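No experiment lies behind these values; they were computed from the predicted model shown. Just so you know, ligand 1 is whichever comes first in the structure, and atom 1 is the first atom listed for that ligand.
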Amino acid sequence: MQVLVTGGAGYIGSHTVVELLAAGHRVVVIDNLCNGSPEVLNRIHAITGQQPVFIEGDIRDRVLLDRLFAEHGIDAVIHFAGLKAVGESVACPLTYYENNLYGSMVLCRAMAAAGVRRLVFSSSATVYGEEAAVPYVESMPRGMTSSPYGTSKAMVEKVLEDLCAADQRWSVALMRYFNPIGAHPSGLIGEDPRGIPNNLMPYISQVAVGRLPELSIYGNDYPTADGTCERDYLHVVDLAVGHLKALQILDAPGVKTYNLGMGQSVSVLALVNAFIQVTGVEIPYRFVSRRNGDLAAFWADAGKAHQELGWRAERGLEAMMADTWRWQSKNPGGYR
Ligand code: NAD
Ligand code: UD1
């Protein structure tokens with residue numbers, strides 16, 4: 001297949017491009033580099049011996065998209081491009097709706113005009129909302145989201161459902177990610193957040209490499225076994241493989257929704273201890289007050305992806321820690 005990967009210079013996109021190329025697909029990447037790096041393309045080449053076509057540009061640029069579809073015979077689109085910082089989305093909601101919601105709509109318009117109607121979309125476990133019972137199952141309704149970021153994901157899901165209901169030619173997979181961490185085992189690509197990381201794993205690895213002095217653990221008074229929050233962490237390479245599996249079911253029309261997670265939860269403290277144990281590097285930490293909007297614990301029921309896609313997250317916590325550390329220690333400053 002010839003696959004268009006939006007946001008392919010970012011964290012999850014770059015790992016997916018590697019898996020696509022390794023599986024024999026041809027890849028075109030569009031990325032405006034607002035949170036990605038051009039160096040990613042060189043690293044993908046070093047891993048796979050192949051270079052995807054790279055177009056630096058914005059998914060909101062309809063003229064550019066029309067040209068791209070006209071020039072590249074695209075069979076399917078995997079759509080990662082978007083903004084993902086929850087706190088920033090609260091401060092700048094319009095920026096988030098413009099990028100994530102409007103950007104997705106421009107992309108769908110351009111796809112329809114080009115006769116391309118197979119789409120895999122990056123959604124998030126956050127669409128289950130604040131009240132859902134655990135584990136999260138795809139049959140549950142979308143809930144009340146706690147940030148414009150989460151709302152933008154829920155809105156795009158709804159837009160895509162309506163599109164599939166209106167036009168039977170569309171085939172869409174909504175992939176709800178839990179907490180992707182880790183890096184490619186080569187140590188050549190990984191997560192490279194700009195500024196101070198918001199998320200736990202890059203924060204830990206930047207403390208480990210000496211870029212940050214200590215980790216603040218947000219709350220140790222949650223109703224969990226050790227009092228810290230629990231999440232369903234999965235290896236980014238497993239997540240990438242999930243997208244390839246989704247491509248295979250896009251022959252049938254309609255919307256399918258899949259949780260991509262391990263199906264079990266790990267506490268913040270357990271993750272920190274796993275990192276220390278696997279890498280031998282100490283992580284100074286202290287407990288601080290809870291972070292606004294955090295839920296105590298959630299994890300996936302990942303049975304549907306297993307049954308329908310034949311997908312299961314296979315790489316365990318040890319690989320997640322070792323691969324994160326290989327990436328961070330080989331690239332202390334990220335791609336810069
Ligand atoms: P990322 O920021 O590393 O990658 C996103 C890429 O999209 C970046 O390279 C950025 O430059 C590009 N981009 C952003 N807006 C664009 C636009 N308008 N036009 C073209 N390119 C644009 O993020 P990621 O962690 O790889 O996440 C990928 C997708 O998965 C996002 O949609 C995100 O919301 C979703 N997601 C991520 C997580 C997570 O924990 N990382 C969890 C759930 C969902
Ligand atoms: C967050 C977002 C979620 C988004 C996901 C990926 C919130 C409330 N949720 O998920 O919508 O899809 O990122 O971008 O922001 N932690 C610390 N110290 C830190 C960082 C995190 O203790 O420095 C804790 C958090 O309190 C949380 C856990 O680690 O309990 C995981 O946090 P994080 O990596 O940010 O992921 P989520 O909050 O699950």
Can you confirm whether or not the ring centre of Tyr258 sits under 6.0 Å from the ring centre of His243?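 Centroid separation for Tyr258 and His243: 6.0 Å or greater.
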Distance-only polar pair, side chains of [X] and [Y], donor-acceptor under 3.5 Å:
{"X": "Ser123", "Y": "Glu157", "answer": "yes"}
{"X": "Tyr335", "Y": "Arg43", "answer": "no"}
{"X": "Tyr149", "Y": "Glu88", "answer": "no"}

Could you say whether the N/O atoms of [X] and ligand 2 ever approach to under 3.5 Å?
{"X": "Asn199", "result": "yes"}
{"X": "Gly293", "result": "no"}
{"X": "Asn292", "result": "no"}
{"X": "Ser216", "result": "yes"}

What do you reckon, does Phe80 have a nitrogen or oxygen under 3.5 Å from a nitrogen or oxygen of ligand 1? yes
Polar atom proximity, Tyr149 to ligand 1 (N or O, under 3.5 Å):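 Yes, there is a polar N/O contact under 3.5 Å.
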To which of [options] does the heavy atom nearest [atom] belong?
{"atom": "atom 21 (C) of ligand 2", "options": "Leu200, Leu269, Val127, Thr224", "answer": "Leu200"}
{"atom": "atom 38 (O) of ligand 2", "options": "Glu214, Glu230, Arg231, Arg291", "answer": "Arg291"}
{"atom": "atom 19 (C) of ligand 2", "options": "Tyr203, Phe298, Tyr218", "answer": "Tyr218"}
{"atom": "atom 24 (C) of ligand 2", "options": "Asn179, Leu271, Val268", "answer": "Val268"}

If you count the atoms of ligand 2 from 1 in the order shown, which ones are under 4.0 Å from a heavy atom of [X]?
{"X": "Val86", "value": "2 (C), 3 (C), 7 (C), 9 (N), 11 (O), 15 (O)"}
{"X": "Tyr233", "value": "28 (C), 31 (C)"}
{"X": "Cys229", "value": "30 (O)"}

Quick one: does Cys34's side chain get under 4.5 Å of Asp58's, heavy atoms only? no
Against ligand 1, does Ala9 come closer than 4.0 Å with any heavy atom? yes
What are the atoms of ligand 1, with element, lying closer than 4.0 Å to any heavy atom of [X]?
{"X": "Pro180", "value": "39 (C), 40 (O), 41 (N)"}
{"X": "Ile59", "value": "17 (C), 18 (N), 19 (N), 20 (C)"}
{"X": "Ser122", "value": "29 (C), 30 (O), 32 (O), 35 (C)"}
{"X": "Gly82", "value": "5 (C), 7 (O), 13 (N), 14 (C), 15 (N)"}
{"X": "Ser124", "value": "43 (C), 44 (C)"}

May I ask whether Gly150 places a heavy atom under 4.0 Å from ligand 2?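 The answer is no, since Gly150 has no heavy atom less than 4.0 Å from ligand 2.
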Using a 4.0 Å heavy-atom cut-off, say whether Thr6 meets ligand 1 through its side chain, its backbone, both or neither.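 For Thr6, there is no contact with ligand 1 at all, from either part.
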